[in-house]
Trainee: 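Mind looking over this structure? Questions follow.
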Amino acid sequence: MKAWICKAFGDAPMLIDCDEPIAQSRDVIIDIAACGVNFADTLILEGKYQKRPQGPFAPGFEIAGTISAVGKDVRGLKIGDRVMALPDWGGYGEKIAVDAGFVTLLPDNVEFDSAAAFQIAYGTSWFGLKYRAKVQRGDVVLVHGAAGGVGLTAVECARLLGATVIATVGGEPKCAIAKAHGADHVIDYKSESIRERVKEICAGIGRTGADVVYDPVGGDVFDQSLRCVAPGARMLLIGFASGSVPQIPANILLVKNVAALGFYFGAYLEQNPDIAKVGMAELLDLLSSGKISPMVSAVYSLSDAMEALDAIRNRTATGKLVIRCGE
């Protein structure tokens, strides 16, 4: 089988022939049809991600495909099942061994590309907004990076939860994408002040500021957000795509009774297994019923996977990118 293998953090991965994985007692082997591309893929290659593999590894956190082998202690899954999974890494390849506990059966009407594109992005937004930030109907939710693979899903999920959505993006084409996916108001941060426009929008609808901020960007974006939130707001920290980790002024949190909430999706699922089952079932129902639909903006062959990573690094991608690993 072929896979993109990184031999040491900071080295460029190489597409090479590898030994096929062997299923341990609780594993299934999945023939990978598609793998979603995430900003975290760039971090794990540099050794900057929360989890660090030991030895050579392939990136790739979310996959979909067909089970081709089953460990002796696995129940409820069989060869030929269409599934999706969230491995720690290893998705940029043709096959993978995954603990059966991290594998979910796919409804027949869900395509592999959609399954690979939706798990982390929609999971981060749905669990983060509904279960961590506890978004309520009528809340004003400010979503940053709203035309990207994660931010766009936050726009959709916030609307499904009954919120008014203010989206921030860079450039007119991305404004149009955010608006088309349900944003009530769109701010182009390249030409407008996030802080002043949020205040203006909220004043126009009789509100004092944003109730929830969904921030995968960090840096100056976080600083501006903190100064245009309502008392009692929740700042949901998703990531730091800007490369700058904000230093939070605790005095502002105190005076406005604001909560800063970290949210790491993978760890949240492990720490809250009961909520994980309920939330993933909700998402699969939304997906199979067409209430959410991943915006797959580009599909790459396995041999072109590094082009997909470059698009993520350069922040030129909109929506979600998918690597087609096999048929």
Side-chain angles (χ1 to χ4, degrees), residues 34-44 49-50 59-64 84-89 91-92 102 104 106 110-133 135 141 143-161 165 167-169 174 177-178 180-183 214-218 236-241 263-269 276 279-288 290-300 308-309 311-313 315-323:
C35 179
V37 183
N38 295 280
F39 179 71
D41 296 338
T42 68
L43 298 179
I44 198 170
Y49 193 60
Q50 290 92 331
F61 298 100
E62 54 182 342
I63 63 166
M84 63 182 188
L86 290 168
D88 286 335
W89 47 77
Y92 286 30
F102 297 100
T104 303
L106 283 179
V110 175
E111 298 180 352
F112 287 134
D113 286 359
S114 293
F118 109 104
Q119 295 174 84
I120 289 178
Y122 278 100
T124 297
S125 295
W126 186 253
F127 283 84
L129 290 170
K130 181 176 182 178
Y131 293 103
R132 189 77 171 107
V135 169
V141 177
V143 177
H144 295 305
V150 173
L152 200 59
T153 67
V155 172
E156 293 180 84
C157 290
R159 284 299 304 272
L160 285 169
L161 292 169
V165 179
T168 74
V169 295
K174 292 184 178 181
I177 291 171
H181 281 74
Y214 182 98
D215 186 9
V217 180
L236 191 64
L237 304 176
I238 302 298
F240 312 108
F263 185 70
Y264 170 29
F265 178 51
Y268 187 85
L269 293 185
M280 289 306 293
E282 291 169 342
L283 282 172
L284 269 178
D285 181 64
L286 291 170
L287 181 65
S288 60
K291 292 181 181 178
I292 59 174
S293 179
M295 179 186 167
V296 179
S297 58
V299 177
Y300 296 78
L309 273 185
I312 295 292
R313 287 192 184 98
R315 298 182 70 178
T316 58
T318 57
K320 187 74 175 185
L321 308 183
V322 169
I323 298 167

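Residue numbers count from 1 along this sequence.
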Trainee: To the nearest 0.5 Å, how far apart are CG in L309 and CG in L321?
Mentor: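 One gets 9.0 Å once the value is rounded to the nearest 0.5 Å.
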
Trainee: Which atom names give the shortest non-hydrogen contact between V37 and A308, and what distance separates them?
Mentor: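 The pair with the smallest heavy-atom distance is CG2-CB, 4.1 Å.
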
Trainee: Does the S114 side chain pair with the main chain of V110, one donor and one acceptor, at a distance under 3.5 Å?
Mentor: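 Side chain of S114 to backbone of V110: no pair is present.
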
Trainee: Of all heavy-atom pairs between A183 and V155, which one has the smallest distance, and what is that distance?
Mentor: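 Minimum heavy-atom separation between A183 and V155: N-CG1, 3.5 Å.
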
Trainee: Find out whether I177 and V169 are in side-chain contact, i.e. whether some heavy atom of one side chain is under 4.5 Å from a heavy atom of the other.
Mentor: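 Of all side-chain heavy-atom pairs linking V169 with I177, none is under 4.5 Å.
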
Trainee: Measuring only between side-chain heavy atoms, which start at C-beta, is T153 closer than 4.5 Å to F118?
Mentor: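 Not touching, per the 4.5 Å side-chain cut-off.
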
Trainee: Decide yes or no on side-chain contact (heavy atoms from CB on, under 4.5 Å) for F127 and M280, but give the supporting numbers first.
Mentor: CA-CA 9 Å; F127 283 84; M280 289 306 293; 3.8 Å; yes

Trainee: Identify the two heavy atoms, one from V296 and one from D113, that lie closest to each other, and give their separation to 0.1 Å.
Mentor: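 Closest approach of V296 to D113: CG2-O, 4.4 Å.
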
Trainee: Going by heavy atoms in the side chains, are F102 and P87 under 4.5 Å from each other?
Mentor: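 The answer is no; the side chains never approach within 4.5 Å.
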
Trainee: Please give me the minimum heavy-atom distance between G145 and V217, naming the atom from each residue.
Mentor: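 Minimum heavy-atom separation between G145 and V217: N-CG2, 4.1 Å.
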
Trainee: If you measure from CG on D215 to CZ on F263, what distance do you get to the nearest 0.5 Å?
Mentor: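 Reported to 0.5 Å precision, the distance equals 14.5 Å.
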
Trainee: Please check this pair: side chain of S125 against backbone of Y122, looking for a donor-acceptor N/O pair closer than 3.5 Å.
Mentor: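 Side chain of S125 to backbone of Y122, a donor-acceptor pair under 3.5 Å: no, none is there.
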
Trainee: Could you pull out the closest heavy-atom pair between A117 and P294, with the gap in Å?
Mentor: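 Taking A117 first and P294 second, the nearest heavy atoms are CB-CB, 3.9 Å.
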
Trainee: Could you check whether any side-chain heavy atom of N38 comes within less than 4.5 Å of a side-chain heavy atom of I312, counting everything from C-beta outward?
Mentor: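 A side-chain contact under 4.5 Å is absent here.
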
Trainee: Shortest non-hydrogen contact from K291 to L160?
Mentor: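 Closest pair (atom of K291, atom of L160, distance): O-CD1, 4.3 Å.
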
Trainee: What's the spacing between F39 CZ and I44 CD1 if we round to 0.5 Å?
Mentor: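 Separation between the atoms: 13.0 Å.
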
Trainee: Below 4.5 Å, heavy atoms only, C-beta onward: do I238 and F265 meet side chain to side chain?
Mentor: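 No, their side chains stay 4.5 Å or more apart.
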
Trainee: With a 3.5 Å distance limit and no angle check, can you tell me whether R159 reaches the backbone of G182 through a side-chain donor-acceptor pair?
Mentor: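 Side chain of R159 to backbone of G182, a donor-acceptor pair under 3.5 Å: yes, one is there.
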
Trainee: Would you check if E156 and M295 make a side-chain contact, meaning some heavy-atom pair closer than 4.5 Å?
Mentor: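 They are not in side-chain contact.
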
Trainee: Would you compute the distance between atom OG1 of T168 and atom NE2 of H144 and round it to the nearest 0.5 angstrom?
Mentor: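 One finds 5.0 Å between OG1 of T168 and NE2 of H144.
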
Trainee: Ring centres under 6.0 Å, that's the criterion: do F61 and Y49 meet it?
Mentor: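 Between Y49 and F61, which both carry aromatic rings, the centre distance is below 6.0 Å.
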
Trainee: Looking only at atom types and distance, does a side-chain atom of Q119 sit under 3.5 Å from a main-chain N or O of E62, one as donor and one as acceptor?
Mentor: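 No, the answer is negative, given that no donor and acceptor are paired below the 3.5 Å cut-off.
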
Trainee: Between V165, T124, V135, which is the residue that forms a side chain to side chain contact (heavy atoms under 4.5 Å, CB included) with Y214?
Mentor: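 Option passing the side chain to side chain contact (heavy atoms under 4.5 Å, CB included) with Y214: T124.
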
Trainee: So do F112 and L106 actually touch side chain to side chain, heavy atoms under 4.5 Å?
Mentor: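 SC-SC contact between L106 and F112 confirmed.
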
Trainee: Rounded to the nearest 0.5 Å, how far does CD1 of I120 lie from CG of D41?
Mentor: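 Between D41 CG and I120 CD1, I get 7.5 Å after rounding to 0.5 Å.
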
Trainee: Find the distance between CZ (R132) and OH (Y268) and round it off to the nearest 0.5 Å.
Mentor: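 Reported to 0.5 Å precision, the distance equals 7.5 Å.
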
